[in-house]
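Only one structure is covered here, and it is reproduced in the block below.
Throughout, a chain's letter reflects where its sequence line sits, starting with A, and its residues are numbered from 1. Just the heavy atoms: all of them, side chains too, but no hydrogens, waters or symmetry mates, feed the values below.
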Amino acid sequence: MSDLTYAKIDQTVLDTLRPATQVYWFTVALLAVGMLGGLACWIYQIFIGIGVGGQNNPVAWGTYLINFVFWVGIAHSGTLISAILHLFHAGWRNPIARAAETMTVFAVCTAGLFPFVHLGRAWMVYYMLPYPNQRTLWPNFQSPLMFDVVAISTYLTVSSLFWYTGLLPDLATVRDRSTGLRKKIFTILSMGWTGKMEQWRHYTRGYLFFAALATPLVISVHSVVSWDFALGVVPGWHTTIFAPYFVAGAIHSGLAMVLTLMIPLRKIFSYEKIITLEVLENVAKTIILTGLIVGFAYGTEFFIAWYSQNSIEIAIFKWRALGHYKVGFWIMVVCNTIIPLLLFIKKIRRSIIWLFVISIFINIGMWFERFVIIITSVARDFIPHAWGLYWPTVVEMGIMVGSFSLFFFLFVLFVKHMPSVSMTENKEMLAEGESHGA
Amino acid sequence: MLSLKNKRLVILGIALIAIGFLAFIIQVAGSHPERAWQAYLINFLLWSAIAQGGLLFSVIMHLTKAKWCGPLTNVSEVFAAFFPISFALFLILFLGKAHVFPWQHMDLHGKEVWLNVPFLFFRDGVALLILYGLGFTYLFYALQLKAIGAATGGRLRSFLDQKMGINPDVTRIHQRMSIFSVLYALAFAGVLSLIGYDLVMALDPHWISTLFGAYQFVKAFYVGLGGMIILASALYLTQGDSTGLTTTHFHNLGKLFFAFCLLWADFFYVQLVVIWYGNIPEETAYVIERTMVPPWNFLAWVVFIVAFVLPFFILLNKNVKTKPKFMMVLSAVILVGIWLEHLLLVGPALSHGSRSLPLGLWDGLITLGFLGLMIFAVVYFLDEFPELKRFQPAVEKR
Amino acid sequence: MGPECQVMGLFTDEERAASAVQALEETPWQLKQVHSPIPSHKLSEALNLKKSKVGYFTLVGGIIGFFSGFALAMFTAAKWSLIVGGKPVIALVPFVIVGFEFTILFAVFGNVIGLLIQGGLPDFKGMEIYDPRCSGDHFGVLAACPEIEKGQLINYFKEKGGVTRVFES
Amino acid sequence: MKRRNFLKLASIGSLSFAASACTSEPDKTIFSLVQAPADMVTGSPTWYASTCRECPAGCGIIAKNREGRVIKVEGNPLHPINRGKLCIRGQAVVQGIYNPDRIKSPLLKKNDQWQPISFSQARSLIQEKAIQAAQSGSDKARMITELVGDSQLALFIHCLEKLNSKGPIAFEPLAYETLKTANREAFGIDGLPSYLMDKADCLVSLGADFLETWLSPVEYAWRFKAMHAVRTEAQGVFFHISPYQSLTGANADRWIACHPGREAAIVMGLIKATLEKGRGIGLPQSLIQSLRDASERYTTQATARMADIDPKDFESLKIRVLKAKTPLILGTGAGTASGAFQADLAANMLNLILDSDLTLFDFDRRHRVEGSARRSEVIEFFNSLSTDGVRLLLINNVNPAYALPPGSGIRKSLDSDRMFVVSFSNFMDDTTALADLIFPVCLPLESWDEYSGKNGMVSTLQPAMGRFTQAPHVGDLMLDVAFKDDRSVPDYKTWVMTQLHSKGVMREKNEWLKALQAGGVFPDVSPSVTRPRPVTGATSLFEPVDDTTGLFEPVDDTIERDPAKPVFIAVPSIRFFDGRGANRPWLGEIPDPLTKVAWQTPVLGHPESLKAAGAGHGEVVTIQTQQGQVEAIAYETRQVKPGVWVMGMGQGHIHFGRYAANVGINPLTLLPPKIDNMTGGPVFSTAVVALSATGDSKPLAHTDGSRIQHDRKIALSIPLDQMSANHDEKSAHEPSLTMEGFPFTLPLPEGYDPKRDFYPPHDHENYRWAMAVDLDKCIGCAACTAACYAENNIGIVEKDRIVEGREMTWLRVERYHDPENPEKITFFPMMCQHCDNAPCEPVCPVYAPHHSKEGLNNQIYNRCIGTRFCSQNCPYKVRRFNWFEWEWPDPMNLQLNPDVTVRSKGVMEKCSFCIQRIKVAHGVAKNEKREIKDGEVVPACVQTCPTGALTFGNLMDVNSRVRMLTQDVRAYQAMGYLNTKPAVIYLKKVVQKT
């Protein structure tokens with residue numbers, strides 16, 4: 001980023017906020033339709049009964065939980081990039097941190113919907129809130145689902161605050177470069193930020209603590225999600241490795257999604273100068289790492305299942321790999337652990353197309369990982385007489401499409417109306433770059 | 001002055017080794033050989049972990065192209081000196097197989113395929129060889145870079161000089177380093193998991209925990225960092241700025257140490273909560289024996305406090321991280337804590353149904369022996385590669 | 001002394017701004033404010049700013065969170081005291097999770113509150129004497145001087161290599 | 001039981017309420033009466049003793065009346081036939097009353113349109129037709145009726161006489177002609193004795209499915225287990241010989257799969273063997289001799305060849321029969337090929353040889369079903385309709401158009417304009433659809449009547465509720481039809497009483513009341529005095545057939561086993577009997593005990609047969625016989641002999657309401673109208689002309705995920721020889737924490753071991769409810785499941801939902817085959833285990849499931865938000881989720897148990913150990929200021945189990961029977977190693993080598 005200047009950075013970013021084209025609005029409309037479609041499916045489900053989905057006995061959890069875990073996973077890399085890498089002073093995070101955080105916030109919102117969609121009596125969901133009440137009916141804080149409630153809501157709150165805090169200086173920048181209504185809005189949003197050194201003094205410190213707190217949080221959140229399964233006794237669920245394994249998996253999928261989002265964004269908004277190839281390459285490298293961890297986890301599960309000589313454990317893992325859902329299993333293995341290995345090759349790592357394609361594969365693979373874990377385990381647990389199979393229905397698919405539409409809808413709206421790349425942090429990096437002379 | 005020329009140091013080292021060796025011999029010959037082998041196993045695991053984890057630091061720094069570490073990589077690389085000793089110690093463990101593998105006379109319900117002494121020693125031996133081999137290869141290239149234009153050292157060093165010729169191709173060396181750092185990191189995860197399963201988890205053959213392997217290598221890096229802090233402080237306190245170490249380095253190292261303290265605790269809790277909640281006796285019995293039934297429950301609390309609570313609250317504070325003396329002591333305490341943690345894991349399996357803690361003076365003495373070995377290895381290596389004591393910015397790629 | 005007037009020197013270069021700030025020490029004029037588009041280390045060194053106190057808010061928040069998390073879980077459990085899965089009614093092992101999440105949540109609240117209070121946000125007043133360029137690529141050094149010395153101050157900034165803007169009071 | 005009996009009797013048969021019934025005026029409404037009868041206390045049930053009429057067996061029932069409507073029936077504990085137990089069909093009686101398709105008023109057919117008309121119109125219409133018929137000559141008014149009690153039969157005869165016609169003909173599709181004939185030929189008694197199975201020590205059945213439909217299934221179920229359940233001394237042994245393994249066969253110690261119709265060969269083989277052993281003392285030499293000659297050729301090898309069985313099977317059978325002190329050979333069941341008569345005849349002889357006094361036969365208490373007409377007479381009857389120019393045909397609650405093979409020409413004979421056909425049916429069944437007038441009459445639970453399943457006793461019926469419709473009792477109707485004012489009795493009730501009076505059964509009124517209270521008059525069971533001897537002609541029975549007197553046709557020596565020419569067999573169904581139960585949704589919903597298929601009628605074939613047909617399991621095959629063809633789903637099983645295809649009777653009605661019409665397949669449509677000349681009975685098997693796979697496959701609505709238990713410790717069995725006290729069964733596995741060796745742990749504080757329990761033990765308040773399930777007694781009949789449906793308002797989901805895996809049953813009887821020899825089957829009732837450490841509880845975010853003070857695993861429906869986590873985490877998968885809002889089409893909702901919540905969509909439910917009954921017991925005990933006694937709380941499933949396999953009680957009472965059973969060497973817990981500490985204790989099934 002040699003020939004970059006503050007002005008250039010500002011320009012590039014502010015250009016993205018110029019009035020949108022018809023293509024853009026068409027896309028937005030399309031996504032809105034998809035969203036409403038999902039909503040319609042949900043309403044239908046509420047009136048007819050959850051049975052319109054494919055869940056049954058024994059597989060009482062279906063795509064709703066799969067998508068929940070999937071979206072929470074997507075959310076994670078955002079925080080990883082903005083928080084953990086911030087602590088490690090990894091400069092390459094700055095160009096993509098904003099978009100990643102945005103992704104996090106919206107992904108958590110999307111994920112947060114699914115537990116409701118999943119409920120048999122969604123209208124009774126407030127039973128899960130610890131609100132004081134006359135008959136002292138309280139939720140059960142021993143339940144993994146309550147951990148979810150606490151963790152996810154915390155995560156949503158924290159990541160949004162973190163995100164907004166990061167936006168603050170940029171909001172001011174936009175404010176100072178706009179007129180009319182937008183100026184008014186951004187004036188309020190930027191809370192009168194004027195970049196006084198006095199403000200910066202606290203800001204930098206606070207931001208650091210944000211990062212320091214978000215890091216353990218992000219780990220805990222997906223651990224908690226994993227415990228929705230691991231705390232049970234179901235073979236294939238009840239295993240100690242789940243927490244770290246899910247965290248790694250979450251970041252794996254999240255990073256893939258970052259690439260999936262960044263590569264078009266970079267192209268459309270011509271961010272090439274800011275989001276350089278090195279940045280993407282670094283993301284790719286991180287993907288290799290997470291991919292290896294996930295692979296390690298797969299391997300460990302099988303090894304221990306065999307080592308334990310517990311017939312039930314062995315049976316379930318055999319069935320995963322060779323049984324009714326074996327296709328899903330092999331999609332998961334290939335997409336999540338084999339394909340990412342391609343990134344060891346520098347050529348591929350530095351080819352936009354390859355990166356994009358691979359990122360798509362990983363997204364698919366991670367969706368199927370959740371499918372395999374959630375479905376196969378309960379489909380054949382302890383009592384053979386009660387075994388059964390599951391396949392999603394149209395309604396479930398509709399809701400799933402709706403969730404994707406919702407996510408992209410929000411994201412598309414954001415990138416066009418807010419600075420999708422952090423100007424401040426990139427300027428900062430520029431400054432440091434000069435001082436360090438590298 | 002950390003050097004073999006430092007007589008006092010040498011004498012101390014030899015003395016320690018001698019004490020440890022004697023203590024071990026006496027106890028093996030005595031009425032409770034299993035106690036001696038228990039101490040031996042624990043020390044083997046702990047000190048090897050320090051060495052393996054120590055080198056991992058340098059590897060990771062290389063992989064992440066981190067700048068902040070500076071001369072800390074030197075410190076980390078020194079620990080590779082313990083690898084040969086570690087391997088030798090592993091081979092010696094074979095002599096104690098009667099005492100360290102309680103499952104030999106149990107009904108293993110089909111586990112015999114995996115749990116049998118010859119296969120176990122074979123696979124673990126090979127695994128260690130691979131790990132150490134990769135470690136040394138990485139080191140071989142890393143040292144080449146550092147050695148360029150540095151003062152001469154011992155025999156090993158001159159051998160290295162010949163190997164690399166007049167002016168080595170730095171780019172190539174960098175590539176090799178990258179390759180072997182990846183390989184070492186992978187091997188580290190794999191091999192330490194394997195060792196964890198075979199030499200710790202399997203001692204109680206009916207218990208399983210899928211995370212146990214990962215738990216082992218995270219712990220290894222935790223103690224590795226502890227060892228590094230001690231050595232770095234020692235160097236800093238003896239040689240001062242010539243090492244190129246600054247308080248910033250100690251601060252960053254301290255932060256990393258803190259992070260892995262948390263991660264280790266996390267991995268511990270992650271296993272506990274799953275097992276506690278699942279309440280399946282096959283899993284719980286192991287944990288109950290170690291955390292709820294005397295005498296072990298006491299030890300469990302000690303470990304928890306010494307290895308987590310204490311460092312957590314102390315390391316929250318920024319300034320202490322920058323104080324080598326203090327950090328040296330803290331790290332030492334934590335290493336003791338982890339030593340006890342190993343005892344907690346293997347103890348109940350090895351000395352089954354013991355009323356009181358199988359812990360006493362002898363264990364301490366034997367441990368001292370291992371400390372001696374580590375000191376000896378480290379000092380020898382520093383003599384061989386004096387540049388590791390002195391800091392000059394590593395040669396960048398051309 | 002005549003009426004006050006404030007002059008802002010705007011620098012595109014961080015170094016220059018920093019030196020201007022330092023040199024301002026020797027002058028009779030008092031440094032009012034320094035605006036920067038980035039958290040500039042050089043400037044903060046020049047101003048030798050102290051470490052922020054935000055951390056204490058965060059810490060307090062965290063401590064409150066930790067206890068309230070456990071308290072909530074225990075209180076609700078005790079209120080019903082129903083046995084589930086044979087587990088003890090007050091089960092600390094799982095409650096750790098609740099405690100932890102609350103710790104983080106409240107710590108962040110503390111952090112935000114700290115930020116707002118300490119950083120004096122929102123602060124729409126501050127925008128009256130402020131130059132939009134400061135959110136772009138200019139470092140603004142605001143100094144105050146008596147009306148009469150206005151010219152000198154402007155020159156001072158000019159020498160330092162910045163453009164100036166005058167805010168009449 | 002004793003105490004429970006008393007409780008029952010206290011309320012049985014108080015008449016003030018019932019008196020209001022069966023007057024011509026129906027009650028405006030039969031619930032929430034403003035002026036309730038004295039014995040109707042809101043909120044507490046009243047019990048009325050009556051008799052079950054779902055099949056000819058005639059079990060005693062007591063009907064539970066709540067706020068004026070019957071909500072459940074249970075067995076009458078005082079009744080000698082069923083002793084308080086009831087089968088799956090009996091439990092479903094109430095669904096007849098409340099069937100949404102029940103016909104409320106008479107319907108007249110006008111040019112193929114049904115027009116509702118008033119009862120009086122209909123009555124006068126019949127009267128008019130009757131008078132015409134009576135005037136137009138003799139026997140112009142005929143009647144075909146279901147099997148009815150003596151009184152009713154007498155009334156029919158009395159009335160038809162008035163219409164100068166002969167008496168009615170009683171039609172039962174399953175009339176046991178071969179047995180009757182064999183008895184006639186052998187003993188000169190054309191009847192069906194009852195068998196004292198419980199006294200036998202070796203039982204051989206030639207296909208008699210006495211646990212399902214044969215004669216009197218409930219009675220024979222308990223008698224069978226009385227001889228077969230493990231006792232301290234040796235256990236009785238049971239051989240089942242038939243081409244397919246019925247539920248009865250599944251309960252046999254050995255199932256001998258013989259070629260259809262070749263059972264006789266095996267019996268002859270046994271005769272030869274027994275005679276060689278010099279048995280048959282007390283029999284005339286001549287007979288012995290003739291038998292010896294006749295059985296000469298039936299050597300082990302020959303027998304095996306003829307019957308196409310393994311000689312080893314025959315050998316072990318022979319050994320056991322010879323060894324037995326009191327062996328008993330039962331006859332054939334309905335579902336066998338021609339040759340049944342030979343088998344039954346030979347069986348009689350064998351029984352004579354084994355015990356010339358036939359002490360295990362009771363000819364004094366013969367089964368009433370013997371009174372039903374032979375099939376030949378039925379066919380004859382229908383043919384005569386046109387020839388005799390019958391003008392009026394009265395059909396009383398029978399369905400020949402469905403139950404007789406199409407070839408019999410019933411439809412044609414009913415469809416004549418000269419004859420006016422009246423059907424006294426409450427449902428539009430296939431026969432009723434052909435009638436000219438449908439005249440609904442009282443159902444048994446609405447009637448005064450008397451029906452005795454056996455002679456030598458009287459079993460009464462009384463209205464257990466007010467009536468739905470103005471429908472009169474058929475008896476009253478007949479009186480109205482036949483008589484004007486010249487009637488001898490005012491109404492049918494009086495007729496019944498006078499009948500009983502004239503029989504000298506009861507003299508004055510209070511005896512009648514006592515009888516009603518007890519459900520009948522049951523003289524003490526005295527040993528049978530009738531000791532039949534072989535008829536004098538018996539000697540010649542076994543002469544060669546060409547000889548005029550000889551009846552026994554020697555079994556062909558050759559046997560052609562051409563897989564291309566398979567045999568098709570239609571077998572009676574434990575769920576639908578002959579088809580009359582098909583419109584009770586519970587019976588359709590509860591899967592068949594063996595196939596675990598609900599709502600559908602698959603055709604069962606051996607893997608080899610399927611291979612030959614080129615069809616796979618679940619694929620559709622076309623079966624063609626001389627009579628016609630059907631398409632059915634092929635079900636692969638080793639429980640039928642290769643080359644034999646088996647299909648259950650009872651489904652595939654054209655009409656019969658929403659639950660039966662066009663559901664499943666009617667196998668009878670494949671059968672020829674053939675009648676066995678000798679016995680006049682039908683043949684329920686026929687040769688298959690062509691059988692081929694259509695290529696497409698339909699989803700089977702089955703409820704079993706796997707047929708075997710994959711070496712998991714779920715349904716366990718123990719060899720008999722390990723039962724001896726000294727043999728320490730536990731030694732097989734030293735106690736460990738694994739699935740194999742996990743020790744038995746009571747769900748009580750003493751069940752906690754600090755070495756393996758993380759959690760502290762918790763106490764219970766006086767009671768810790770638990771259930772013991774004796775797998776050795778369980779015959780898999782699913783009566784418990786039906787009782788559970790009735791008691792707990794469990795939703796009916798129907799076929800498609802079951803295919804999706806959404807059946808709602810709280811109590812399923814799991815069926816596990818032994819992977820090595822699949823004909824070895826263990827039935828395993830699985831309901832909520834009410835664990836002490838229930839994995840389902842902690843995962844619920846809102847405490848909907850939690851552990852009660854009395855150890856129950858409570859499910860709070862209105863707190864449940866439907867996360868379904870509990871179900872996911874339940875190792876036993878016994879929780880059921882309400883995927884939709886289930887429907888009880890009016891008036892089915894009147895059957896709902898007011899003590900049990902009806903669950904809405906989106907909530908989880910499961911077995912509650914019938915907590916509502918526990919609450920009642922608590923109330924009673926509290927009023928009487930005492931603790932609940934052992935056996936006072938009886939969940940619905942426990943109450944009805946015909947073999948008493950289930951025991952419920954309080955574990956904290958060390959003297960309770962359930963606590964005692966935990967001491968049994970066979971006691972274990974399913975998946976105990978998960979440390980769930982289940983409160984359902986299973987007792988291993990005992991298997992003996994044969």
Side-chain angles (χ1 to χ4, degrees), chain A residues 5-7 10 130 136-143 146-147 150-151 153-154 157-158 161-162 165 168-169 172-173 175-177 187-188 191-206 209-210 213-214 216-217 220-221 224 227 231 423-425 427-428 430-432 434-435, chain C residues 12 14 33-44 47 49-55 58 62 69 72-73 75-77 79-80 82 84-85 87 91 94-95 97-98 100-102 104-105 107-108 111-112 114-115 118-127 130 132-137 140:
Chain A
T5 65
Y6 288 9
D10 286 348
T136 69
L137 306 175
W138 295 100
N140 169 16
F141 280 101
Q142 279 192 33
S143 162
M146 281 314 294
F147 304 159
V150 178
S153 49
T154 304
T157 323
V158 172
L161 285 170
F162 192 20
T165 317
L168 208 48
T173 313
R175 171 200 64 198
D176 295 342
R177 311 249 169 325
T187 312
I188 296 159
M191 302 200 295
W193 176 269
T194 53
K196 298 179 198 161
M197 286 312 288
E198 184 58 17
Q199 290 171 336
W200 280 121
R201 179 161 76 94
H202 306 295
Y203 180 86
T204 45
R205 193 78 185 147
F209 287 126
F210 252 122
L213 290 168
L217 176 64
S220 78
V221 168
V224 165
W227 290 332
L231 294 192
M423 297 176 264
T424 315
E425 282 175 332
K427 293 177 195 169
E428 193 180 350
L430 208 55
E432 280 168 9
E434 281 155 4
S435 57
Chain C
T12 50
E14 198 179 352
Q33 196 57 267
V34 179
H35 297 275
S36 157
I38 60 162
S40 160
H41 297 292
K42 300 198 183 70
L43 284 171
S44 43
L47 295 158
L49 296 172
K50 283 178 266 33
K51 205 176 88 188
S52 161
K53 297 264 179 295
V54 175
T58 321
L72 177 67
F75 165 74
T76 53
K79 202 78 178 156
W80 270 36
L82 290 173
V84 287
K87 294 173 169 52
F95 288 175
I97 297 163
V98 184
F100 175 84
E101 299 296 341
F102 270 74
I104 301 286
L105 184 62
V108 164
N111 197 31
V112 171
L115 249 175
Q118 298 258 303
L121 290 169
D123 162 27
F124 297 104
K125 285 250 177 308
M127 292 174 59
Y130 164 71
R133 283 170 288 180
C134 295
S135 65
D137 53 358

Could you check whether any side-chain heavy atom of [X] comes within less than 4.5 Å of a side-chain heavy atom of [Y], counting everything from C-beta outward?
X	Y	value
P94(C)	F141(A)	no
F162(A)	V108(C)	no
Q199(A)	D123(C)	yes
Q142(A)	V84(C)	yes

Mind checking side-chain hydrogen bond (donor to acceptor under 3.5 Å, both in side chains) for R133(C) and listing every partner two or more places apart, or none if nothing turns up? D131(C)
Bottom line for T157(A): the part with an atom under 4.5 Å from chain C's heavy atoms is side chain
Region of P130(A) in contact with chain C, defined by heavy-atom distances below 4.5 Å: side chain
For the residue pair [X] and [Y], what are the closest heavy atoms and their distance?
X	Y	result
T194(A)	Y130(C)	O-CE1, 3.4 Å
I104(C)	P216(A)	CD1-CG, 4.1 Å
V54(C)	G206(A)	CG1-CA, 4.1 Å
T424(A)	P39(C)	CG2-CD, 4.3 Å

Checking A73(C) against chain A: side chain, backbone, both or neither under 4.5 Å from a heavy atom? both
Where does Q118(C) contact chain A at under 4.5 Å (heavy atoms): side chain, backbone, both or neither? both
Go through N140(A), L161(A), T204(A) and name the one with the most non-hydrogen pairs under 4.5 angstrom from chain C. L161(A)
For the interface with chain C, which of V224(A), L231(A), V221(A), T187(A) has the highest count of heavy-atom pairs at distances below 4.5 Å? T187(A)
Taking the side chain from S36(C) and the backbone from M197(A), do they hold a donor-acceptor pair closer than 3.5 Å? no
Listed by chain and number, what are the ring pair (Phe, Tyr, Trp, His ring centres under 6.0 Å) partners of H202(A), not counting sequence neighbours? none
